[in-house]
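The basis for the numbers below is simple: all heavy atoms, side chains too, and nothing from hydrogens, waters or symmetry mates.
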Amino acid sequence: MDAVAVNDEGIPYFFKGDHLFKGFHGNAELSNESFSELDDHHHLGHVDAAFRMHYEDSPNEHDHMFFFLDHKVFSYYKHKLEEGYPKDISDVFPGIPNHLDAAVECPKPECDEDSVIFFKGDEIFHYNVRTKVVDEKEFKTMPNCTSAFRFMDHYYCFHGHQFSKFDPKTGDVHEKYPKEARDYFMRCSKFGEDSNHVERERCSRVHLDAITSDNAGNFYAFRGHHFIRKNNSDDTLLSDTIESAFKELHSEVDAVFSHEDKLYMIKDEEVFVYKVGEPHTHMEGFPKPVKEELGIEGPIDAAFTCQDRDIAHIIKGHNLYDVDLSASPRVAGNERPIALFHKVDAAMCGPEGIKVVVGNHFYHFESPMIMSAARSLPEQQRVSLTLFGCDH
């Protein structure tokens with residue numbers, strides 16, 4: 001990987017050669033499709049380094065994305081190249097060398113001052129964005145970074161296909177690193193069949209596709225080709241491929257909810273229903289069209305039922321719908337807007353209320369009514385830490 005930067009919506013951009021991956025999965029695109037000026041000024045073989053500036057005292061720089069190619073730096077704001085750019089690196093970041101390997105922002109108090117950390121070989125430069133003073137560091141325990149990334153208040157150095165989490169002040173690398181980037185940051189369906197599924201899935205930074213719990217309180221979370229189950233009786237975590245437990249689905253679901261000891265699993269325009277058990281039993285007559293089974297056109301973003309209720313709550317786009325599962329035919333009604341989220345990835349309801357998953361975090365609401373009426377976000381919680389106990 002050549003460079004990583006986060007856009008103004010918090011979506012990571014991964015640069016490799018002349019291609020760009022937006023987010024943790026999906027197809028690559030040519031970098032010049034989003035940043036055409038990079039190719040106008042240089043033949044875009046690759047981006048050397050990139051970061052998103054964090055410096056609230058300077059609105060002209062805060063939240064700008066900076067890209068480094070050879071001896072030039074490009075500054076973008078909301079995907080538009082700032083006037084006067086590209087410029088020589090030495091004019092914008094005096095004391096920083098050309099032909100960089102990596103760069104990452106480091107806001108205070110994570111660093112002593114709002115800073116940018118630049119990497120070139122084994123040379124480390126801490127650049128104070130206020131004073132423009134450069135402090136050269138020695139990170140003895142870190143490998144040479146080909147790209148660096150600040151994500152969820154942690155710092156990651158990528159080297160080849162591996163990454164290490166490091167302390168931005170000291171460069172110290174703790175815990176069991178390096179780790180395989182394709183297990184944690186990129187969704188690669190055919191990679192890692194022999195890797196530790198539980199460790200990977202509980203600590204992955206890739207967003208969940210769906211979550212639910214069955215009548216026994218067992219918790220299910222689906223991501224790409226895999227799922228993880230947390231047993232209610234002893235909190236044991238188990239993980240496997242979706243195809244092994246739900247072979248008719250093969251992989252990747254859009255939404256899952258439980259009702260009367262059955263899992264309703266929605267994929268594109270179809271609903272698959274399984275009776276919970278060991279193994280899960282695919283119900284005869286399914287799959288059926290989402291429109292026929294739930295009275296709403298698919299695909300949908302998320303779905304959940306709350307305890308002892310026959311109502312399936314369906315999230316599609318910016319709206320929430322109710323479907324009475326005891327009715328025939330079923331109709332999606334009681335439409336109301338959800339104002340807080342650009343896109344919901346997954347949702348579930350339990351005794352403590354509703355968990356709404358957006359990216360790598362989730363938010364708790366006491367009821368569907370409170371969720372739809374809310375005008376401010378509740379406390380943000382990390383999926384990997386709070387739901388799966390992964391603290392790194």
Side-chain angles (χ1 to χ4, degrees), residues 9-12 22-26 151-152 182-189 192 195-214 217-232 235 237-246 249-258 263-268 272 299-305 313-317 320 338 340-350 352-365 371 377-392:
E9 295 180 347
I11 298 173
K22 294 181 177 180
F24 296 109
H25 61 90
F151 189 63
M152 295 170 62
R182 290 168 291 182
D183 273 341
Y184 292 87
F185 285 96
M186 294 83 179
R187 178 185 293 172
C188 301
S189 60
S195 61
N196 185 330
H197 293 318
V198 171
E199 173 68 9
R200 181 189 65 215
E201 291 303 316
R202 77 185 190 97
C203 296
S204 176
R205 276 69 174 171
V206 180
H207 71 76
L208 296 174
D209 296 324
I211 53 174
T212 193
S213 60
D214 59 27
N218 300 314
F219 171 79
Y220 300 80
F222 299 84
R223 178 190 289 116
H225 291 251
H226 293 81
F227 76 98
I228 192 167
R229 189 183 78 188
K230 185 176 183 180
N231 291 337
N232 184 49
D235 286 341
L237 292 174
L238 304 170
S239 182
D240 208 338
T241 62
I242 291 175
E243 187 169 20
S244 66
F246 309 97
L249 270 171
H250 300 297
S251 67
E252 297 191 13
V253 297
D254 297 325
V256 179
F257 67 88
S258 60
L263 295 178
Y264 287 70
M265 310 182 74
I266 300 156
K267 180 181 176 69
D268 299 326
F272 298 75
I300 66 174
D301 297 317
F304 60 92
T305 53
H313 303 280
I314 307 294
I315 298 175
K316 181 176 181 178
L320 177 67
I338 304 174
L340 292 177
F341 304 109
H342 177 68
K343 184 183 185 305
V344 172
D345 292 315
M348 67 172 289
C349 186
E352 298 177 352
I354 302 165
K355 294 179 176 68
V356 177
V357 177
V358 179
N360 305 279
H361 298 91
F362 74 90
Y363 305 85
H364 177 264
F365 300 90
M371 180 181 71
L377 285 173
E379 180 184 0
Q380 186 183 75
Q381 301 183 65
R382 282 173 52 191
V383 169
S384 57
L385 175 62
T386 308
L387 297 185
F388 302 125
C390 178
D391 59 358
H392 59 276

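- The NZ atom of K343 sits 4.5 Å away from atom CG of D301, with the distance rounded to the nearest 0.5 Å.
- Scanning all heavy atoms of the two residues, the minimum distance from A302 to A347 falls at CB-N, 3.9 Å.
- A heavy-atom distance below 4.5 Å is found between the side chains of K267 and E252.
- The two residues F304 and M371 come nearest to each other via the heavy atoms CZ-CE, 4.2 Å.
- In this structure, I242 CD1 and R223 CZ are separated by 10.5 Å, a value rounded to the nearest 0.5 Å.
- In this structure, the side chains of D345 and L208 stay at 4.5 Å or more apart for every pair of heavy atoms.
- Contact check for S258 versus T305: side-chain heavy atoms found under the 4.5 Å cut-off.
- Under the 4.5 Å side-chain criterion, counting only non-hydrogen atoms from C-beta, V253 is not in contact with F227.
- Taking the six-membered ring for Trp and thresholds of 30 and 60 degrees, F365 and F341 have ring planes more than 60 degrees apart, a perpendicular arrangement.
- With rounding to the nearest 0.5 angstrom, the CG atom of L385 is 9.0 Å from the CG atom of L387.
- Across C203 and S384, no two heavy atoms sit closer than the pair CA-CB, 4.3 Å.
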As a quick check of understanding, evaluate side chain to side chain donor-acceptor pair (under 3.5 Å) for Q381 and Y363, giving each step before the final call. CA-CA 6 Å; Q381 301 183 65; Y363 305 85; over 6 Å; no

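- Between the side chain of D254 and the backbone N or O of D268 there is at least one donor-acceptor pair closer than 3.5 Å.
- Here the shortest heavy-atom pairing between A303 and A255 reads N-CB, 3.8 Å.
- Taking CZ of F222 as the start and CD1 of I228 as the end, the distance is 11.5 Å to the nearest 0.5 Å.
- The distance from the NE2 atom of H226 to the OG atom of S244 is 8.5 Å, given to the nearest 0.5 Å.
- Checked by atom type and distance alone, the side chain of R229 never pairs as donor or acceptor with a backbone atom of N218 at under 3.5 Å.
- Of the possible polar contacts, one joining the H364 side chain to the E352 backbone as a donor-acceptor pair under 3.5 Å is found.
- Among all heavy-atom pairs drawn from F388 and R202, the shortest one is O-NH1, 3.1 Å.
- Note that CD1 of I211 and NZ of K355 are 7.5 Å apart. Values are rounded to the nearest 0.5 Å.
- In terms of heavy atoms, S213 sits closest to C349 at OG-O, 4.3 Å.
- Under the 4.5 Å side-chain criterion, counting only non-hydrogen atoms from C-beta, I315 is not in contact with I300.
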